[in-house]
Participant: 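Before we start, here is the structure in question, set down as structure tokens.
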Amino acid sequence: MQVVILPTADLACELVATIMERQIRRHPDSVLGLATGRTMEMLYDKLVLKHIESGLDFSKIRTYNLDEYIGIPPEHQGSYRSYMNNHLFSKVNIDISNTHLPLGNAPDIKDECRMYEWNIKANGGIDLQILGIGKTGHIGFNEPLSALKSRTRDKALTPETIRQNQGLFDSPEDMPRRAVTMGLGTILEARQVVLLATGNSKAEILAKAVEGPITSMISATALQLHESCVIVADEEAASKLQCRDYYKWVFENEPDWQEFRIG
Ligand code: GLP
């Protein structure tokens with residue numbers, strides 16, 4: 001695992017957007033794993049700008065999102081399908097039939113989960129998986145006690161997650177209580193993983209995720225098992241990390257990061 005700390009959320013998002021841009025330019029038919037949440041909004045704005053201003057081409061890109069709420073149709077304004085259409089898919093030249101999210105109102109949810117897994121494999125697996133982190137330490141909707149080898153499945157949301165996300169629905173009661181999520185085993189199979197965390201509210205859980213012991217109580221700790229995982233944080237989100245100075249030294253001095261350094 002590597003940790004990159006940048007002064008602001010804007011710079012942290014810019015770095016993740018640049019990592020995605022490199023992937024897309026080098027491999028225009030890449031399979032991207034995508035995330036939702038407020039943190040990702042600035043990232044998607046930056047990708048849209050790269051598309052408009054420097055022709056970043058999404059025409060052959062295929063995407064799989066991490067998760068979707070159960071019990072609402074894709075066209076519901078609170079669905080993650082709507083989120084992705086609004087923030088990214090409708091603003092770049094992606095072929096919408098190449099974008100995938102679990103269907104939250106599928107007649108048979110277990111079958112939907114099996115098909116989602118099968119579909120990712122049939123497309124060659126995920127090249128670059130983007131993640132946020134929830135306040136419970138979840139990635140996707142892998143809430144506490146998610147098995148470290150779990151696959152795409154339905155999962156009940158914690159009261160904390162429901163509180164965190166219900167503001168995105170017209171009224172709190174509209175917030176679904178369950179979701180389909182890629183499993184930790186699914187996420188760990190991505191060839192490269194980048195987790196983006198910004199703001200003070202993520203500081204405590206990020207420190208546990210990065211520097212704490214691996215535990216199914218905090219699903220983001222599973223990323224410590226991944227061979228190619230980068231955590232990108234702003235100063236606020238990184239403020240409780242013990243080895244901040246070491247991580248900064250690595251980013252400033254190691255040749256691998258040279259092309260990503262500003263100035
Ligand atoms: C949701 C998503 C997660 C995301 C989290 C963080 O719970 N399922 O994938 O990481 O929100 O959201 P935010 O960026 O709004 O803090």
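Computed from a prediction, not measured in an experiment: that's the story for all the values here. Numbering of ligands and ligand atoms starts at 1, following listing order.
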Participant: Going by side chain to side chain donor-acceptor pair (under 3.5 Å), Thr161 matches just one of Glu143, Lys155, Gln166. Which one?
Facilitator: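 Answer after filtering Glu143, Lys155, Gln166: Glu143.
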
Participant: How about Phe260 and Phe251: are their ring centres within less than 6.0 Å of each other?
Facilitator: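 For Phe260 and Phe251, the ring centres are not under 6.0 Å apart.
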
Participant: Would you please name every residue forming a salt bridge (charged side-chain N to carboxylate O under 4.0 Å, His left out) with Arg177, sequence neighbours left out?
Facilitator: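 Scan of Arg177 (salt bridge (charged side-chain N to carboxylate O under 4.0 Å, His left out), adjacent residues dropped) gives none.
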
Participant: Determine the interplanar angle of the Tyr80 and Tyr69 rings, folded into 0 to 90°, and report it as parallel if under 30°, tilted if 30 to 60°, perpendicular if over 60°.
Facilitator: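 It falls in the tilted class, 30° to 60°.
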
Participant: In a simple table, one pair per line, please give the protein and ligand 1 atom names for every N or O pair closer than 3.5 Å, along with the distance.
Facilitator:
| residue | atom | partner | partner atom | Å |
| --- | --- | --- | --- | --- |
| ligand 1 | 7 (O) | His138 | NE2 | 2.9 |
| ligand 1 | 7 (O) | Asn165 | ND2 | 3.2 |
| ligand 1 | 8 (N) | Asp67 | OD2 | 2.8 |
| ligand 1 | 8 (N) | Gly140 | O | 3.2 |
| ligand 1 | 10 (O) | Ile133 | N | 3.2 |
| ligand 1 | 14 (O) | Arg38 | N | 3.3 |
| ligand 1 | 14 (O) | Thr39 | N | 2.9 |
| ligand 1 | 14 (O) | Thr39 | OG1 | 2.4 |
| ligand 1 | 15 (O) | Arg38 | N | 2.8 |
| ligand 1 | 15 (O) | Arg38 | NH1 | 3.4 |
| ligand 1 | 16 (O) | Gln164 | NE2 | 3.3 |
| ligand 1 | 16 (O) | Lys202 | NZ | 2.6 |

Participant: Hey, are Asn86 and Gln77 close enough side-chain-wise for a donor-acceptor pair under 3.5 Å?
Facilitator: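 Short answer, no.
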
Participant: Classify the side-chain pair Thr158/Glu160 by whether it contains a donor and acceptor separated by less than 3.5 Å.
Facilitator: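 Note: Thr158 and Glu160 side chains miss the donor-acceptor criterion.
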
